[in-house]
Every structure is written in structure tokens, then in C-alpha cells.
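Report on the structure given below.
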Amino acid sequence: MMDDDVLDAYSRVVSGVAEHLIPRVASLRVQGRRGDSSGSAVVLTGDGHLLTNAHVVGDGGSATAEFADGTTAQARVAGVDRLSDLAVLRADREIPDPPEYGDADRLKVGNLVVAVGNPLGLAGSVTAGVVSALGRSLPVRLGTASRIIEDVIQTDAALNPGNSGGALADGNGRVIGINTAVAGIGLGLAVPMNPTTRRIIYSLLHDGRVRRAYLGLVTTPAPLRPQLAERFGQRSALRVVEVISGSPAALAGLRQGDLVLAVDGTPLRDAQSLQRQLFADAIGRRTEVTAVRNGALVDVVAHPAELTD
């Protein structure tokens with residue numbers, strides 16, 4: 001049975017995070033061409049920007065943000081990136097100061113997390129739990145194509161309807177994710193805050209969109225055999241599950257079953273390490289891909305195209 005002192009300490013942490021974040025998480029009602037949608041949004045910058053999910057914004061261009069103290073602001077959509085399920089809005093008036101944003105790459109399974117949302121009619125919705133899995137994938141639909149949001153955080157901090165776009169915070173009140181979906185009974189998923197998503201958010205703030213390069217690979221992390229791990233100095237790589245027909249990867253000669261070790265000399269240990277290599281500066285650039293095929297080292301040259309919907 002858990003000691004009362006431990007329970008009290010847990011309660012103080014959760015209530016402290018809630019007290020800090022509830023004023024900084026808004027209820028969002030988005031006006032779209034196909035009707036209104038709703039969710040939550042987190043204050044992003046001191047000059048009036050808010051961060052939410054792309055699926056909350058939908059096809060809308062404007063929204064009403066209401067904070068826990070009853071104040072409201074009109075906001076316009078400044079940028080949307082559906083592949084990361086992130087969107088940035090700009091409010092027309094002064095809003096609360098932003099919370100501190102942390103780094104989800106430092107999370108471990110079992111870490112305490114607190115989900116804070118502001119669904120319509122449920123101002124200040126708070127649930128707590130732990131990180132139950134890291135590196136999850138979330139399928140999304142972009143027009144006629146299916147894409148995958150990589151490295152999503154799974155938590156057992158239950159999400160209420162309308163919590164999408166709200167904050168997932170660590171025990172110190174730092175926002176380490178943006179809640180995005182319910183994964184099942186008692187499970188939620190969040191887009192992580194890390195160097196990759198910070199780069200995405202920067203592009204949304206300054207350009208309104210994110211340009212990405214496209215290789216045409218569907219991959220999954222895979223451990224290397226001890227001999228290969230010792231030879232290449234890394235314990236894992238990306239196994240190619242599928243090569244899209246006619247893609248830059250297919251034209252370069254990559255095949256299903258290949259183990260991709262590195263791109264331009266940078267080791268690939270997880271999906272995010274590949275994503276970091278495929279932003280705008282990689283479009284059309286000569287890119288060296290190092291792989292293992294049937295135990296032999298293979299080097300190919302690809303020229304990534306620009307990813308479109």
C-alpha cells in the first residue's frame with residue numbers, strides 16, 4: 001500500500017503543474033469551411049502565438065481562444081504542418097506568458113506526466129499518469145496519401161474529448177508534448193517537443209509551412225547483430241519495410257529488407273534521426289545512403305524530392 005507521504009508528494013506535484021499550466025492552455029473553437037471544430041491550445045510565445053494540433057485547426061483560418069479566467073482572443077492560423085500534426089495561431093491581443101518547453105528526448109518510460117487541456121465546458125481538465133511507451137507511430141491521412149507521425153509519446157494520462165492540442169508536461173511543469181489522440185482505453189498520444197519539432201515550429205512561425213525532402217522509404221528501427229554493431233559502432237539501424245515505387249529511394253536502388261545505417265555519414269538509430277536529415281535543404285541534394293544488404297555494405301546515391309500532400 002502506498003505511503004500517505006508519497007501520495008501527498010504526488011498530489012503536490014500534479015496540483016503544482018496544473019496551477020502553472022491551466023492559465024496558459026486555452027479552449028479553442030475554430031471556424032472552418034466545413035463547420036466549427038474545437039480543442040485546446042498552449043501559449044507558445046510572449047507575443048501572442050498559440051500551439052495546437054493541425055487536425056484541430058482542420059481547414060479553418062481563424063479561431064476563438066478562451067482562457068480559464070474567461071478572457072477571449074481572436075486568432076488567425078499562422079501555419080499548419082499536417083505531417084507532425086502541429087499548427088501555430090496568432091492572437092489579436094495580449095495573452096498569458098508562455099510556459100517553459102522541455103525536451104522529450106530526455107524522457108524515460110515510467111516518468112510522471114500531466115495532461116492539461118481546456119475543452120469547451122471542462123475548463124482546466126487535468127489528468128496524470130506515466131510515460132508508458134516512447135517511439136510510437138501514429139498514422140495520418142494527408143489528402144489521398146497516408147503518412148506516419150513518428151516518435152509519438154504514449155501515456156496512460158487519460159485524455160478527455162477536446163484535450164487535443166493541450167499540453168503534456170513533466171513533473172516540473174515543462175511542456176514536453178502536445179496531446180494529439182486517444183490510443184485506446186486509458187491511453188493517450190502526444191507529439192513530442194524536441195529539436196525536430198522545434199525546427200518545425202520555427203518554420204511555421206516564420207514561413208507558415210514546412211518544406212521537407214522525400215526519399216520514399218517506410219522503415220522500422222531494428223537492432224544490429226553484434227558483429228555489425230561492433231563494426232559500425234551503433235547498435236541499431238532502420239530496416240526498410242517498403243520502398244515506394246518510382247521514389248528517389250527506388251531510383252537509387254534501395255530495396256525492401258535493407259538495413260539503412262547512415263545518411264550522409266550521420267548514423268540512423270531511429271525514425272527521428274532520418275527525419276532530421278530530410279528538411280528543405282535536402283531537396284534535390286546529392287545524398288549518400290549507407291546500408292547493409294545480406295551482410296554486405298551497400299552505398300547508394302539518392303536525390304530526395306520535395307514532399308507534397
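Treat the numbers as computed from the prediction; the structure is a model and nothing was measured. The basis for the numbers below is simple: all heavy atoms, side chains too, and nothing from hydrogens, waters or symmetry mates.
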To the nearest 0.5 Å, what is the distance between [atom1] ([X]) and [atom2] ([Y])?
{"X": "Leu254", "Y": "Leu217", "atom1": "CG", "atom2": "CG", "result": "5.5 Å"}
{"X": "Asp103", "Y": "Ile176", "atom1": "CG", "atom2": "CD1", "result": "10.0 Å"}
{"X": "Leu28", "Y": "Ser38", "atom1": "CG", "atom2": "OG", "result": "8.5 Å"}
{"X": "Tyr202", "Y": "Asp207", "atom1": "OH", "atom2": "CG", "result": "8.0 Å"}
{"X": "Ile201", "Y": "Thr45", "atom1": "CD1", "atom2": "OG1", "result": "11.0 Å"}
{"X": "Leu44", "Y": "Leu89", "atom1": "CG", "atom2": "CG", "result": "10.0 Å"}

CA sep, side-chain torsions, deciding dist, call: Thr64, Gln31, side chain to side chain contact (heavy atoms under 4.5 Å, CB included): CA-CA 8 Å; Thr64 301; Gln31 294 82 47; 3.8 Å; yes
Go through Asp281 and Arg199 one step at a time and tell me if the salt bridge (Lys or Arg N to Asp or Glu O under 4.0 Å) criterion holds. CA-CA 13 Å; Asp281 53 358; Arg199 185 170 180 177; 3.8 Å; yes
Looking only at heavy atoms, what is the nearest atom pair of [X] and [Y], with distance?
{"X": "Asp258", "Y": "Ala291", "answer": "CB-CB, 4.3 Å"}
{"X": "Leu21", "Y": "Ala169", "answer": "CD1-CB, 3.4 Å"}
{"X": "Leu134", "Y": "Val109", "answer": "CD1-N, 4.1 Å"}
{"X": "Pro248", "Y": "Ala305", "answer": "CG-N, 3.6 Å"}
{"X": "Gly129", "Y": "Asp156", "answer": "CA-OD1, 3.1 Å"}
{"X": "Leu261", "Y": "Ala237", "answer": "CD2-CB, 3.9 Å"}

Can you find a side-chain donor-acceptor pair between Thr180 and Asp85 that sits under 3.5 Å?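 On atom types as modelled, these side chains qualify, holding a pair under 3.5 Å.
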Ignoring hydrogens and angles, state whether a donor on the side chain of Ser11 or Asp8 is under 3.5 Å from an acceptor on the partner side chain. no
Do the side chains of Arg293 and Asp299 get close enough for a salt bridge, i.e. N-O under 4.0 angstrom?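 Judged by the 4.0 Å cut-off on N to carboxylate O distance, Arg293 and Asp299 do not form a salt bridge.
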Are Glu306 and Arg211 within salt-bridge range, i.e. N to O under 4.0 Å?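 Yes.
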Any side-chain heavy atom of [X] sitting closer than 4.5 Å to one from [Y]?
{"X": "Val42", "Y": "Thr52", "result": "no"}
{"X": "Arg239", "Y": "Thr219", "result": "no"}
{"X": "Gln256", "Y": "Glu242", "result": "no"}
{"X": "Asp264", "Y": "Arg285", "result": "yes"}
{"X": "Thr127", "Y": "Val114", "result": "no"}
{"X": "Val191", "Y": "Thr197", "result": "yes"}
{"X": "Arg212", "Y": "Leu278", "result": "no"}
{"X": "Pro119", "Y": "Ser125", "result": "yes"}

Hydrophobic cluster identity match, [X] and [Y], side-chain contacts under 4.5 Å:
{"X": "Leu107", "Y": "Ile178", "value": "no"}
{"X": "Val25", "Y": "Leu51", "value": "yes"}
{"X": "Leu204", "Y": "Val80", "value": "no"}
{"X": "Leu205", "Y": "Val175", "value": "yes"}
{"X": "Val152", "Y": "Leu168", "value": "no"}

Dump the intermediate steps for side chain to side chain contact (heavy atoms under 4.5 Å, CB included) on Leu259 and Leu238, then the final yes or no. CA-CA 5 Å; Leu259 275 171; Leu238 294 180; over 6 Å; no
Donor-acceptor pair, [X] side chain versus [Y] backbone, under 3.5 Å?
{"X": "Arg82", "Y": "Gly58", "answer": "yes"}
{"X": "Arg24", "Y": "His20", "answer": "yes"}
{"X": "Asn118", "Y": "Ser40", "answer": "no"}
{"X": "Asp81", "Y": "Ser84", "answer": "yes"}
{"X": "Ser247", "Y": "Val243", "answer": "no"}
{"X": "Thr71", "Y": "Phe67", "answer": "no"}

[atom1]/[X]: more than 12 non-hydrogen atoms of other groups inside 6.0 Å:
{"X": "Arg225", "atom1": "CZ", "value": "no"}
{"X": "Glu19", "atom1": "CD", "value": "no"}
{"X": "Arg198", "atom1": "CZ", "value": "yes"}

Begin from the C-alpha positions of Val113 and Val130 and carry the test side chain to side chain contact (heavy atoms under 4.5 Å, CB included) through to its verdict. CA-CA 5 Å; Val113 286; Val130 298; 5.5 Å; no
In Leu83, Val210, Leu215, Ile283, the residue satisfying side-chain contact (heavy atoms from CB on, under 4.5 Å) with Leu307 is Leu83
Candidate pair Ser164 and Leu159, rule side chain to side chain contact (heavy atoms under 4.5 Å, CB included), full reasoning: CA-CA 8 Å; Ser164 289; Leu159 300 182; 6.0 Å; no
